[in-house]
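Numbered from 1 within each chain, the chains take letters A, B, ... in sequence-line order.
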Amino acid sequence: MEYKRVLITAALPYANGPVHIGHLAGCYLPADVYARFQRAKKRDVKFVCGSDEHGVPITIRAMKEGISPQDVVDKYHAIIKDSFEQMGISFDIYSRTSNKIHHETSQAFFTKLHKDGLFEERATEQYYDENKDMFLADRYIIGTCPICGNENAYGDQCEKCGSTLSPEQLINPRSALSSAVPVKRITKHWYFPLNKYEKWLNEWIVNGKKDEWKANVYGQCKSWLDSGLQPRAMTRDSNWGVPVPLEDAKGKVLYVWFDAPIGYISATKELTNQWSDYWCSEDTKLVHFIGKDNIVFHCIIFPSMLKAHGGFVLPDNVPANEFLNIEGDKVSTSRNWAVWVHEYIKDFPDQQDTLRYVLCANAPETKDNDFTWKDFQDRTNNELVSVFGNFVNRTFVLMHKLCSGRVPPVHDDLVTDADKAMVAEIAIAKQKIEDYIENYKFRDGLFEVIDLARKGNKYLQDNAPWSLSKTPEQQAENQKRIDICLHVCLQLTANLAILANPFLPFTANKMCRMMKVVERMLEWENAGKMNLLKVSYPLRAPELLFRKIEDMEVAAQVEKLKSNLTKTTSANVEQTSTDPSTKAQDDKIVETKPEAVAEAPIKKAEISIDDFSKMDLRVGTIMKAEKVEKADKLLKLELDMGDEVRTVVSGIAMHFKPEEIIGKQVTVVANLAPRKMRGIESRGMILMAQNPDGRLIFVSPLEMAAAGSEVR
RNA sequence: CGCGAGGUAGAGCAGCGGUAGCUCGUCGGGCUCAUAACCCGAAGGUCACUGGUUCGAUCCCAGUCCUCGCUACCA
């Protein structure tokens, strides 16, 4: 079907914290590539998003910080919005659900369904915290699991045995907020009868989207539908959110998952008076970009709501991505195991496209993927810099050296099949990239961009214009070949700008400046043309498109991740006993013995004895210790290792004075790769135990061992 | 427990009935215009495991194991 308009939504980020690169890779970057591509195709595009600012967690966060929920969302809305802008995520509007227009829109939506008599009213008994004077979500009730006896099971699930629970099943339930014993109170809520849409959903998704939607999305939906749908409450007891627009609904708000997706509609309304063209015309293609955890809401619940309301288009596709892990571990906002976008921008100024490249090339399209800083470096240095950046750079440098800085002409009499083949590759790449993007295969699309540059490098290498210039006896003829080769390379460069633009918009703009062409050249229909740059048009001197990532930067980022993690972990542990209100903190209760609040272990993958035997652990005696200049945390140690004296730089200066550790014996990882810190080469690492309070303790033999003794 | 997705060279991914390909990394060679880049070549995989169907399975079927997710603060 031919669509007249494309409406693109990206999941509303929860205004409870900043955005991290997992958000980017999973949702916002693919959405942006898609949107930019559609715009380049001159399609009528609206790309909408905004902050999701309702829900219980925000009230809890506000309570904890002693500020209002509005303060919480104001703070994070600003940070999130700025992160997106900086990264070039080209929303047509980035709105927020605390806006008046959103309250009105979602209330009107609710009222329509209510007037049509769609909701079922149900009175139920819910747990109520009399200390905090509020109803408790299932998640905020803790008690003993009736199945396995775990004392810290949640009201909806026991994490220890995995049983699905209801709060009533818990033995000795208590409030996670105040530890008060919750009491039951009757409350009324409005339920949306999802079950009535089962048949229709089966028709629409199971039969209609089988080969269209991604396997992970389709499979998840089918699983839901096969197991049968239940009516679902669309209201909650809370004072933060969109008030339920009914007389008898004091102290009740719309369930955050009811109002959040309507946020897409209100954002569109805020953007344009013609909003209904995008939401209510059958010739609009609606695409929701989300992460895999949102599948059920976007594929089952929201479409059912839209269907029930009537008059709205349904999503054509919901290309949900999987998750991105960081250095082998799941992203955890509460443990602070994440790479925050606003921090990346600070640490790597003007390198947005570098991150865009790496996240897109490694996007978790079919399964969870891992982001490592080493991979970030490798992909940047070996693909972006070496293949793409370098091709453009050598083309420009050669053109200035061999063609006096102007676009050289083509000499028809000397054009070879290889020249023609190179030109043909551009059109092939264009078609491939187009097909990939249209089918949400952004990784593959980006690969083709790089691959075209790779072919350009090969073409240059095969023709070697730098050699041709060295044979003066054939000057005229060779110059013609040089002209043709560089003409092709320059037109290819212009084409690369167009093809890369959806993925690497900052770079495409930079290339336009170098080529002195207007941005309009980037329109997709221009791809494949060989007259983008006029013959004898003078071009600017090349500027480097990307820079390499140094080893030091990688090490610093990994270090930063790990040190932030520790900080937050110990902070969380302190809170655990009094205020276990988030999942990650609750995890720690489960892992930790109740009576001994020790540092929650950071779980690592199991290793084999062979892995262990790779480590050369030895006892060393500290002979000299001195502070490292301009470093708060570092001590430079000289260790007697028996047969040698080693210099080791250790980050323990905050904990020990140099003079008080001389003579102490320590355990050293002797075969750790040497690393320079503050200009001093550190050869090894000393092992320390860390107390929950952050205090460091040497791991040493109980009695003096010979220096250099092996630890096994 | 059940359901969904995934488990293919050191890393990231393709393939989905005829014993495996791509990019990066590694190793060797070539070139020198270029951000020590580029080009050519090589090594490296019992396609998670166990059965079965088949003339033949990475690909189909059954079972097992592992990872992640599944009306929950997080994509």
> Would you call A/Lys432-A/Asp435 a salt bridge at under 4.0 Å N-O?
Replying inline: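 Salt bridge: no.
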> If you measure from the Lys or Arg side-chain nitrogens to the Asp or Glu carboxylate oxygens, is any gap between A/Asp451 and A/Lys455 under 4.0 Å?
Replying inline: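 Salt bridge present between A/Asp451 and A/Lys455.
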G-U wobble or Watson-Crick pairing nucleotide for [N] (cut-off 3.5 Å, both distances):
| N | result |
| --- | --- |
| B/C3 | B/G69 |
| B/G12 | B/C22 |
| B/G63 | B/C49 |
| B/G17 | none |

Closer than 4.0 Å, any side-chain N/O of [X] to the OP1 or OP2 of [N]?
| X | N | value |
| --- | --- | --- |
| A/Lys548 | B/A37 | yes |
| A/Thr372 | B/A11 | no |
| A/Arg547 | B/A37 | no |
| A/Arg379 | B/A11 | no |
| A/Lys292 | B/G6 | no |
| A/Lys458 | B/C40 | yes |
| A/Asn382 | B/G25 | yes |

>> Do A/Arg356 and A/Phe503 make a side-chain contact, defined as non-hydrogen atoms from C-beta onward lying under 4.5 Å apart?
In response: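 Counting from C-beta outward, A/Arg356 and A/Phe503 never come under 4.5 Å.
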> Under 30°, 30 to 60°, or over 60°: which ring-plane class applies to A/His77 and A/Tyr94, parallel, tilted or perpendicular?
Replying inline: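 Parallel: the ring planes of A/His77 and A/Tyr94 meet at under 30°.
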[N] versus [M] - spacing of their [atom1] atoms, nearest Å:
| N | M | atom1 | value |
| --- | --- | --- | --- |
| B/A9 | B/G45 | P | 10 Å |
| B/G18 | B/C55 | P | 16 Å |
| B/G28 | B/A43 | C1' | 10 Å |
| B/G6 | B/A62 | P | 15 Å |
| B/U8 | B/C73 | C1' | 37 Å |
| B/U67 | B/U23 | C1' | 24 Å |
| B/U46 | B/A37 | C1' | 39 Å |
| B/C16 | B/G25 | P | 28 Å |

Assign [X] to base, sugar-phosphate, or nothing according to its heavy-atom contacts below 4.0 angstrom with the strands shown.
| X | answer |
| --- | --- |
| A/Phe391 | nothing |
| A/Arg454 | sugar-phosphate |
| A/Gly26 | nothing |
| A/Tyr255 | sugar-phosphate |
| A/Trp257 | nothing |
| A/Val397 | sugar-phosphate |

> Mapping A/Asp378 and A/Asp370 onto RNA chain B by nearest heavy atom, which one lands closer to the 5' end?
Replying inline: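 Whichever sits nearer the 5' end wins; that is A/Asp370.
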> Can the positive tip of A/Lys330 be found less than 6.0 Å from the middle of the six-membered ring of A/Phe323, inside 45° of the ring normal?
Replying inline: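 No cation-pi geometry.
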> Going by modelled atom types, is there a donor-acceptor pair between the base of B/C33 and the side chain of A/Gln461 at under 3.5 Å?
Replying inline: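 It does, because a donor-acceptor pair links the side chain of A/Gln461 to the base of B/C33 below 3.5 Å.
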>> Counting only heavy atoms not in A/Lys209 (residues, nucleotides, ligands), do more than 12 fall under 6.0 Å from its NZ?
In response: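 Correct, the count exceeds 12.
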> Applying the side-chain contact (heavy atoms from CB on, under 4.5 Å) test to A/Val554, which of A/Asp378, A/Ile549, A/Thr372 qualifies?
Replying inline: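 Result for side-chain contact (heavy atoms from CB on, under 4.5 Å) with A/Val554: A/Ile549.
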